[in-house]
Amino acid sequence: MENTQNSSMNTSFCNYLHSLSQTPYKLQRRMLATGTPDQELNQVRLRSGADMKRRLSWFDLVALGVGGMLGVGVFVTTGPVARSISGPAVFISYIIAGISALLSSMCYTEFSIAIPVAGGAFSYLRVTFGEFVGYFAGANILMEYVLSNAAVARSFTEYLCSTFGVEDPNLWRVEVHGFVEGYNMLDFPAVALILLLTLCLCHSTKESSILNLAMTIFHVVFFGFIIIAGFWNGSPKNLMGSPGGLAPFGVKGVVDGAAIVYFSYIGYDSVSTLAEEIRNPSRNLPVGIVGSVLVVSSLYCLMALAICFMAPYNQISHKASFAVAFQRMGWKWASNLVGAGATLGIVASLLVAMLGQARYLCVIARAGLVPAWLAKVHPSAGTPLNATLFLVLEIISIGTLLVFYLVANALIYRRYVVMTNNPPHHILLFLFFLTATSFAFSLSWKLEHQWWSLPVFGGVLIMGTAIFHYIVPSSRLQLEWSVPLMPWPAVISIFLNVFLMTSLKLLSFKRFGIWASLIVLFYLVYGVHSTYRAEEMERVGENGLSVNPTISQDTKIDIQQL
């Protein structure tokens with residue numbers, strides 16, 4: 001028996017080495033391999049076994065989008081940005097960031113209607129630019145979900161402590177000796193929260209949506225209290241009469257502030273991953289994605305104005321800005337209320353983020369890029385149970401911006417190549433031109449040298465886009481919903497995402513480089529071999545030698561009838 005096992009292991013190892021030797025050929029076949037929306041909805045989707053249940057309506061999507069974005073970001077970023085970067089014009093920074101988020105959300109919306117599956121950006125990029133680009137984007141956004149969820153869950157303990165008047169959150173944590181300082185505190189309240197939300201998500205998406213809806217309503221009411229109290233007890237003099245006026249740090253400060261507050265908007269993309277669980281996606285998805293961004297943008301701008309009404313910008317506290325502002329007003333009890341509201345926002349934000357990350361992992365597994373076990377949908381609950389549980393075992397930034405940037409590029413490519421007969425290399429050249437000029441403009445802005453280059457690069461970008469719009473024909477097909485005034489919204493989204501990426505610190509790029517190397521290595525040693533093997537099996541089935549019994553023409557779905 002032992003000899004048989006050793007022989008089997010040796011054979012498997014030799015087969016794997018032989019498979020690795022064929023990596024260049026497999027890369028050539030799979031890296032740029034694209035599918036169609038029909039394949040995503042039928043052939044690929046059916047690999048999960050059971051279907052996800054369509055029980056969500058447009059108000060569920062709006063609530064989930066708002067809940068995913070209304071986390072702690074506005075409490076963490078508004079005060080420091082107002083005091084040191086934008087001044088009282090921080091609300092303009094939120095408007096600029098909101099426009100960028102709105103343009104990106106519109107790109108997501110058109111794709112989510114054309115390809116209403118749970119894969120989000122992964123599926124959109126895979127059918128447009130090929131398997132590797134989709135995998136690279138999906139792996140990056142999964143990393144952002146996992147890392148940001150860990151940080152947000154840890155901040156849950158801090159805000160929960162402030163709600164009960166506990167000054168040191170480490171009192172609720174357990175110190176582990178032998179670990180590096182700063183990484184030696186076990187956060188049991190955060191772990192308990194993650195486990196509780198996981199059980200909720202595994203049980204039912206609809207029940208999770210109802211829970212999120214209740215929390216989001218209370219959170220919006222809480223925001224309304226802060227806004228009304230700020231305007232009622234504040235003064236316009238603090239906004240307009242501050243030292244240096246409305247924008248003491250100039251236009252550059254306002255734009256730099258937008259790059260920081262933009263991360264308060266991250267979360268709307270989770271809505272697109274619910275496409276398989278929505279009734280009437282062509283109507284409800286645009287309302288859910290775009291509507292949630294508009295609601296959150298309005299609330300953020302009003303919150304920023306409220307705090308600048310309550311105190312001059314140079315007196316706003318860097319930490320716990322809103323709580324300190326209320327204390328100076330004589331409302332000490334409101335400080336605890338801010339902690340309670342932020343705690344509720346963290347729970348809603350985590351719920352939506354965990355919901356989205358599980359669906360990303362599920363669809364990546366459907367494609368064969370990670371083990372197929374993660375793609376399974378529970379037949380009675382109608383949720384990606386295995387993917388949800390797996391991500392609990394894992395303990396916002398450049399990766400997310402990169403994905404938004406890629407989706408905007410993919411939308412232009414889809415409109416002007418996939419849906420028309422334009423030569424692909426012409427469109428790819430235009431996309432390279434957009435990226436290069438956007439990067440040149442952003443670098444000139446960051447280095448603060450040779451300001452004459454800003455109007456030059458900006459003018460070249462606008463002129464190049466205008467020429468492209470005039471001479472390159474776009475798709476004439478009637479779509480259920482499409483981004484208007486193309487290619488301008490997608491071009492602006494590309495520019496803003498490149499601009500915001502260049503504002504990040506060097507540490508973000510180092511972390512991104514390490515993660516990118518790891519996911520490319522995983523693709524080379526596992527992903528490309530798995531998808532190539534699946535492709536060969538399907539080809540054999542098409543030739544009549546064998547047929548996968550789970551995929552039949554009787555189960556084929558018409559996109560227009562969803």
Side-chain angles (χ1 to χ4, degrees), residues 59 62-83 88 90-91 93-95 97-98 152 155-167 210-239 261 264-265 267 291-313 315-352:
F59 56 84
V62 172
L64 287 165
V66 171
M69 286 182 278
L70 284 185
V72 297
V74 67
F75 295 103
V76 174
T77 61
T78 306
V81 170
R83 183 180 178 104
V90 62
F91 75 95
S93 298
Y94 272 107
I95 292 174
V152 170
S155 66
F156 166 80
T157 303
E158 298 172 359
Y159 279 95
L160 190 63
C161 287
S162 68
T163 302
F164 292 98
V166 179
E167 295 184 0
I210 293 173
L211 174 62
N212 172 79
L213 180 61
M215 291 188 296
T216 300
I217 290 174
F218 282 112
H219 203 201
V220 170
V221 171
F222 165 70
F223 268 50
F225 162 76
I226 293 178
I227 292 167
I228 294 171
F231 283 116
W232 184 266
N233 294 280
S235 171
K237 293 181 180 179
N238 291 331
L239 181 70
V261 303
S264 299
Y265 288 91
S292 60
V293 173
L294 291 174
V295 170
V296 169
S297 297
S298 302
L299 290 172
Y300 281 171
C301 291
L302 291 172
M303 287 279 286
L305 278 170
I307 197 170
C308 291
F309 263 63
M310 285 191 281
Y313 81 91
Q315 296 181 19
I316 295 175
S317 174
H318 274 282
K319 294 183 178 181
S321 307
F322 287 90
V324 172
F326 279 118
Q327 287 178 356
R328 290 175 179 171
M329 287 167 42
W331 293 16
K332 293 184 179 180
W333 57 271
S335 176
N336 293 343
L337 186 63
V338 169
T343 302
L344 199 61
I346 289 172
V347 176
S349 180
L350 271 175
L351 179 71
V352 178

Check whether any side-chain heavy atom of [X] sits under 4.5 Å from a side-chain heavy atom of [Y], and report yes or no.
{"X": "Cys308", "Y": "Phe91", "result": "no"}
{"X": "Ile227", "Y": "Met303", "result": "yes"}
{"X": "Ile95", "Y": "Cys301", "result": "yes"}
{"X": "Met69", "Y": "Val293", "result": "yes"}
{"X": "Phe223", "Y": "Tyr300", "result": "yes"}

Inset, instruction - Examine distances only and state if a side-chain atom of Arg83 and a backbone atom of Tyr313 form a donor-acceptor pair shorter than 3.5 Å. - result: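 The answer is no, because no donor-acceptor pair under 3.5 Å joins these two groups.
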Inset, instruction - Supply the atom-to-atom distance Leu294 CG to Leu299 CG, rounded to the nearest 0.5 angstrom. - result: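 Output value for this atom pair is 11.0 Å.
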Legend entry - Spatial distance of atom CD1 (Ile228) from atom CG (Leu302) [nearest 0.5 Å]: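 With rounding to 0.5 Å, CD1 (Ile228) is 10.0 Å from CG (Leu302).
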Which pair of non-hydrogen atoms, one from [X] and one from [Y], has the smallest distance, and what is that distance?
{"X": "Val66", "Y": "Val220", "result": "CG1-CG2, 4.3 Å"}
{"X": "Ala63", "Y": "Thr216", "result": "O-OG1, 3.5 Å"}
{"X": "Ala304", "Y": "Tyr94", "result": "CB-CD1, 3.7 Å"}
{"X": "Ile307", "Y": "Thr78", "result": "CG2-CG2, 3.9 Å"}
{"X": "Ala97", "Y": "Val261", "result": "CB-CG2, 3.9 Å"}
{"X": "Gly98", "Y": "Ser297", "result": "CA-OG, 3.8 Å"}

Legend entry - Phe218, CZ: over 12 other non-hydrogen atoms inside 6.0 angstrom: no
